[in-house]
Asker: 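Have a look at the structure that comes next, please.
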Amino acid sequence: MSATRAIWAAAAAALLLAACGGQGNSNGVTGERIAAADATPGEWLSHGRTYSEQRFSPLDKINASNVGELGLAWSFDLPENRGIEATPLVADGVMYTTSAWSVVRAFDARNGKLLWEHDPEVARATDIKACCDAVNRGVALWGGKVYYGTLDGRLEALDAKTGKLAWSTVTVDQSKPYTITGAPRVVKGKVLIGNGGAEFGVRGYLTAYDAETGKQAWRFYTVPGEQETDGAASDKAMKIARPTWNGEFWKIGGGGTVWDSMAYDPDLDLLYIGVGNGTPWNRELRSPGGGDNLFLSSIVALKPETGEYVWHYQTTPGESWDYTATQHIVLADINIGGQTRKVLMQAPKNGFFYVLDRTNGKLISAEKYVPAVNWASGVDKVTGRPIETAGARYEKNLHLSNPGPLGAHNWHPMAFSPKTGLVYIPAQEIPFPYMQPGGDKATFKYRPQGWNVGVDFLAAGLPDDEATLKAIRASLKGRLIAWDPVTQTEKWSVTYDGPWNGGVLATAGGLVFQGSATGEFAAYDAGSGAKLWGFDTQTGVVAPAMTYEIDGEQYVALMAGFGGGFAVSAGAGVDPRSEGPRRLLVFKLGGKQKLPARPVSTKEFMDLPAASGTPQQIATGTAVYASNCGVCHGASGVSNFSIPDLRYSPTILDADGFKRIVLGGERKEQGMVSFSGLVSDSEAEAVRQYLLDLARRQQAMQAKAKAAAKG
Ligand code: CA
């Protein structure tokens, strides 16, 4: 070896040591480190582990032959009693993760010692702007800083060593119903963050900020605004988008929020973003007379340094069902027809699995990954457009669609194993009856503090008798599907007791990990789907697991805690086993830690007063509840989570007290803002009478069931 080469080798070894060992890496995470993640498989540096977001780990010490010995190494009890959706990141021996209410924590990844905690103190009243719980999906790392978004629309940078705030910038107009729940990504020194709010009425966009200073670099709007130009990176692209819209869509924003998925190809230097649904959902009300409404429900490719538009593919033209294309995007190079193709894969809410050529956005193939999909019969290979079913747009009549707004696959990340060539999809069936408010003469009035989706939620409300609810619960399905993206066929699947199961992790150990809504964290054989291991997490799981290795020991980490859109809105559609304590759980081979016994639910109906509500009052209360209250407190008053289940709440016993909360905003600090602008005095009382009536009927049914059980 020449002297020069020896020096280079020593320098490279030192660099590698700095990258793998200790907590002293002064350069922090860089694009090179993320791009070369397979050289340091022990770490998990970016949301989907690599820029390709495959959620595949090359680690194999835990594998199909020994996973039976997997046990709890350490755990941390999360005080935030909401949905837990984050993927922890691990760099230089430290684990960084987020909890509900955008709280960030750093742990010693070996033993779970809490190193620091940062609470952005999001006002609890922000919850009224969040469609789907006060969740957060994680952090990004870059150059010694930790980046995360807050529910109230801030992007913040923390010192990775101390958790101290380095900079904070407000990325949204906080007077509007914007929220942030997604994890930022960092590409070429720019922190990328989108937002949510399309159920309420906002205009979607993605913004890039300088990682060092927090200064805005560019912004890409996904839908046109009132003005021809915004002076933004998207100005040119809006020339393509604007002719696909009609009417005064911009008045309530149009939607198209970029609330979750991003991926990056360093070779092509293309950033891919997933764009959400329209506001309102119903196109007839959003863009009268039709139109594709670009770039709703599209995958858009951009240049990461400038935000310049490169290409787009729209999965659901003229979106009308909340069929977002914000679901997890995976990049891979796979062999199709004897050729290695650079593909982008997505299983969006609409139920079709898309394989696109990521160099140009052209469709390679698309097939239903859930057979029950009924809004379209297929995707035309030439035009790339769906072949819609007559009546699916519910212009005249109710259409019972599958999927519904919660999707055949929601945000819960899938995983791709280059070893098996399979994509593992957390799929589900949650049908939904779409109907226009006002039937075939649709009426729509913007409500400043509510959902603005242009769909009749009363028609979609759950019934409240236990037998029907049981039947509905049985119709809700969840499966882990191993999907071959080349042949577009299912290789195997695991059936769960219901929908809304966790995200997925695939490993080189031949394993696929997934937690379920009923609280089992399981490992499956990646090739056959055989269950090899299971652990009772004591709570429904929605987040995906991740894995890392330190000092030769491989760990598997999972944020456990049920919540999110289905949990807060489906009420009695949720399996009661989903309720439980929120925790960070970390496993290793031979781990011996035990969780304390599972807490027992103590829900009991109160002593209820004699009925006083008139049938008219109860009918009014049912309608007012469905359009104002149900999306948080649960359809038909059934909430299994930390948002109070009003059937059990003493607040419904006191007419004046109830009004002080609903109209007076007495519990604003806890997140229950005043509805005085939307609900009248007599309507508030009608809602109270409806809830009392519900509680009475269900109490009577419970008593009957108990008596029957005693025989
Ligand atoms: Ca949505």
Side-chain angles (χ1 to χ4, degrees), residues 23-26 28-29 43-47 74-127 130 133-172 174 178-186 191-193 195 209-214 543 546 548 557 559-561 563 582-584 586 669 671:
Q23 295 165 22
N25 187 350
S26 56
V29 172
E43 302 198 293
W44 190 292
L45 302 175
S46 183
H47 190 59
W74 58 267
S75 67
F76 181 86
D77 284 17
L78 299 164
E80 295 84 21
N81 192 22
R82 285 300 191 87
I84 305 297
E85 297 190 350
T87 303
L89 303 191
V90 170
D92 308 315
V94 180
M95 176 186 291
Y96 305 90
T97 192
T98 60
S99 183
W101 295 112
S102 333
V103 176
V104 190
R105 293 186 177 88
F107 299 91
D108 183 327
R110 294 168 183 84
N111 53 30
K113 181 176 170 251
L114 181 68
L115 301 177
W116 54 257
E117 181 176 290
H118 185 94
D119 184 348
E121 295 176 350
V122 171
R124 293 322 190 228
T126 309
D127 208 20
D133 206 351
V135 294
N136 188 284
R137 285 183 288 279
V139 302
L141 301 174
W142 192 269
K145 291 192 181 70
V146 179
Y147 302 89
Y148 76 112
T150 67
L151 193 69
D152 56 8
R154 289 170 273 161
L155 176 69
E156 302 204 317
L158 308 176
D159 183 300
K161 285 202 175 65
T162 62
K164 293 244 169 5
L165 188 69
W167 55 257
S168 174
T169 183
V170 177
T171 77
V172 301
Q174 287 177 313
Y178 282 106
T179 51
I180 298 178
T181 58
R185 316 296 201 278
V186 189
V191 190
L192 306 159
I193 191 77
N195 45 59
Y209 295 89
D210 182 279
E212 205 44 52
T213 63
M546 56 77 72
Y548 60 98
M559 302 289 290
R582 277 76 171 155
R583 291 191 182 101
L584 163 58
V586 179
E669 296 309 312

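Nothing here was measured: the structure is a model prediction, and the numbers come from that model.
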Asker: Sequence neighbours excluded, which residues qualify as salt bridge (Lys or Arg N to Asp or Glu O under 4.0 Å) partners of Arg185?
Answerer: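 In terms of salt bridge (Lys or Arg N to Asp or Glu O under 4.0 Å), with neighbours along the sequence ignored, Arg185 is linked to Glu53.
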Asker: Just by distance, do the side chain of Asp133 and the backbone of Val135 share a donor-acceptor pair under 3.5 Å?
Answerer: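 Looks like no, no N/O pair under 3.5 Å.
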Asker: Kindly compute the distance separating CH2 (Trp142) from CG (Leu45), expressed to the nearest 0.5 Å.
Answerer: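 With rounding to 0.5 Å, CH2 (Trp142) is 10.5 Å from CG (Leu45).
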Asker: Which atom names give the shortest non-hydrogen contact between Ala91 and Leu141, and what distance separates them?
Answerer: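 Closest approach of Ala91 to Leu141, heavy atoms only: CB-CD1, 3.7 Å.
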Asker: Residues in ring-ring contact (aromatic ring centres under 6.0 Å, His included) with Tyr178, at least two apart?
Answerer: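 Result, ring-ring contact (aromatic ring centres under 6.0 Å, His included) vs Tyr178: Tyr205.
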Asker: Can you check whether Asn195 reaches Thr179 side chain to side chain, under 4.5 Å on heavy atoms?
Answerer: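 The answer is no, as the side chains (C-beta and beyond) never meet within the 4.5 Å cut-off.
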Asker: Of all residues at least two apart in sequence or in a different chain, which pass the side-chain contact (heavy atoms from CB on, under 4.5 Å) check with Ala109?
Answerer: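 Checked Ala109 against side-chain contact (heavy atoms from CB on, under 4.5 Å); matches are Val90, Met95, Tyr548, Ile550.
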Asker: Quick one, Met546 and Leu89 - any side-chain contact, counting heavy atoms below 4.5 Å?
Answerer: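 They are not in side-chain contact.
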Asker: Would you please name every residue forming a side-chain hydrogen bond (donor to acceptor under 3.5 Å, both in side chains) with Glu669, sequence neighbours left out?
Answerer: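 side-chain hydrogen bond (donor to acceptor under 3.5 Å, both in side chains) check on Glu669 returns nothing, list empty.
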Asker: With sequence neighbours excluded, tell me which residues meet side-chain hydrogen bond (donor to acceptor under 3.5 Å, both in side chains) with Thr97.
Answerer: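 Here no residue qualifies.
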Asker: Not counting sequence neighbours, which residues clear side-chain hydrogen bond (donor to acceptor under 3.5 Å, both in side chains) with Ser46? List them please.
Answerer: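 Listed in chain order: nothing, the list is empty.
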Asker: Who passes side-chain contact (heavy atoms from CB on, under 4.5 Å) against Glu212, sequence neighbours left out?
Answerer: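 Glu212 satisfies side-chain contact (heavy atoms from CB on, under 4.5 Å) with Lys145, Asp210 only.
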Asker: Rounded to the nearest 0.5 Å, what's the gap from CE on Met559 to CG on Leu78? Could you check?
Answerer: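 Met559 atom CE to Leu78 atom CG measures 5.0 Å (nearest 0.5 Å).
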Asker: Under the rule for ring-ring contact (aromatic ring centres under 6.0 Å, His included), what residues qualify as partners of Trp167, not counting sequence neighbours?
Answerer: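 Trp167: ring-ring contact (aromatic ring centres under 6.0 Å, His included) contacts with Tyr147.
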Asker: Please examine the side chains of Arg137 and Thr181, heavy atoms only from C-beta on, and report whether any two atoms are closer than 4.5 Å.
Answerer: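 They are in contact (side-chain heavy atoms under 4.5 Å apart), so the answer is yes.
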Asker: Grab the two heavy atoms, one from Ala557 and one from Pro88, that are nearest each other, plus how far apart they are.
Answerer: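 Heavy atoms of Ala557 and Pro88 come nearest at CB-CG, 4.5 Å.
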Asker: Backbone N or O of Glu156 within a donor-acceptor pair of the Ser168 side chain at under 3.5 Å?
Answerer: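 Looks like no, no N/O pair under 3.5 Å.
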Asker: Taking only residues two or more places apart in sequence, or in another chain, which ones meet Tyr209 in a ring-ring contact (aromatic ring centres under 6.0 Å, His included)?
Answerer: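 For Tyr209 there are no ring-ring contact (aromatic ring centres under 6.0 Å, His included) partners, ignoring immediate neighbours.
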Asker: Quick one: do Arg82 and Glu80 make a salt bridge, cutoff under 4.0 Å?
Answerer: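 No, this pair does not count.
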Asker: Could you check whether any side-chain N or O of Asn136 sits under 3.5 Å from a backbone N or O of Gly149, counting only pairs where one atom can act as donor and the other as acceptor?
Answerer: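 At least one qualifying donor-acceptor pair exists.
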Asker: Not counting sequence neighbours, which residues clear side-chain contact (heavy atoms from CB on, under 4.5 Å) with Arg583? List them please.
Answerer: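 If we apply the side-chain contact (heavy atoms from CB on, under 4.5 Å) test to Arg583, skipping adjacent residues, the hits are Asp77, Gln538, Pro581, Leu585, Leu595, Pro596.
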Asker: Mind checking the OH-CG spacing from Tyr148 to Leu158? Nearest 0.5 Å is all I need.
Answerer: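 Reported to 0.5 Å precision, the distance equals 5.0 Å.
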Asker: List the atom of Ala130, the atom of Leu151, and the distance in Å for their closest heavy-atom pair.
Answerer: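 Shortest heavy-atom separation between Ala130 and Leu151 comes out as CB-CD1, 4.3 Å.
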Asker: Looking at every non-hydrogen atom in both residues, tell me the closest pair between Gly93 and Arg110 and how far apart they are.
Answerer: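 Scanning both residues, the minimum pair turns out to be O-NH1, 4.2 Å.
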Asker: Return yes if some donor-acceptor pair links the side-chain N/O of Arg582 with the main-chain N/O of Ala100 below 3.5 Å, else return no.
Answerer: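 Side chain of Arg582 to backbone of Ala100, a donor-acceptor pair under 3.5 Å: no, none is there.
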Asker: Could you work out, with side-chain hydrogen bond (donor to acceptor under 3.5 Å, both in side chains) as the rule, every residue matching Ser102, not counting sequence neighbours?
Answerer: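 Here no residue qualifies.
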Asker: Under the rule for side-chain contact (heavy atoms from CB on, under 4.5 Å), what residues qualify as partners of Ala160, not counting sequence neighbours?
Answerer: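 Tyr96, Val146.
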Asker: If every non-hydrogen atom of Asp108 is compared with every non-hydrogen atom of Trp74, which pair is closest and at what distance?
Answerer: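 Heavy atoms of Asp108 and Trp74 come nearest at O-CZ2, 4.1 Å.
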Asker: Okay, side chain of Gln174, backbone of Asp152: is any donor-acceptor separation there less than 3.5 Å?
Answerer: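 Looks like yes, one N/O pair under 3.5 Å.
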Asker: If every non-hydrogen atom of Gly163 is compared with every non-hydrogen atom of His118, which pair is closest and at what distance?
Answerer: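 Between these two residues, the closest heavy atoms are O-ND1, 3.0 Å.
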Asker: Heavy-atom distance under 4.5 Å between the side chains of Leu115 and Lys161, does that happen here?
Answerer: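 A side-chain contact is absent here, since even the closest heavy-atom pair is not under 4.5 Å.
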Asker: Got Ile180 and Leu155 here, is their nearest side-chain heavy-atom distance under 4.5 Å?
Answerer: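 Result no, sub-4.5 Å side-chain heavy-atom pair not found.
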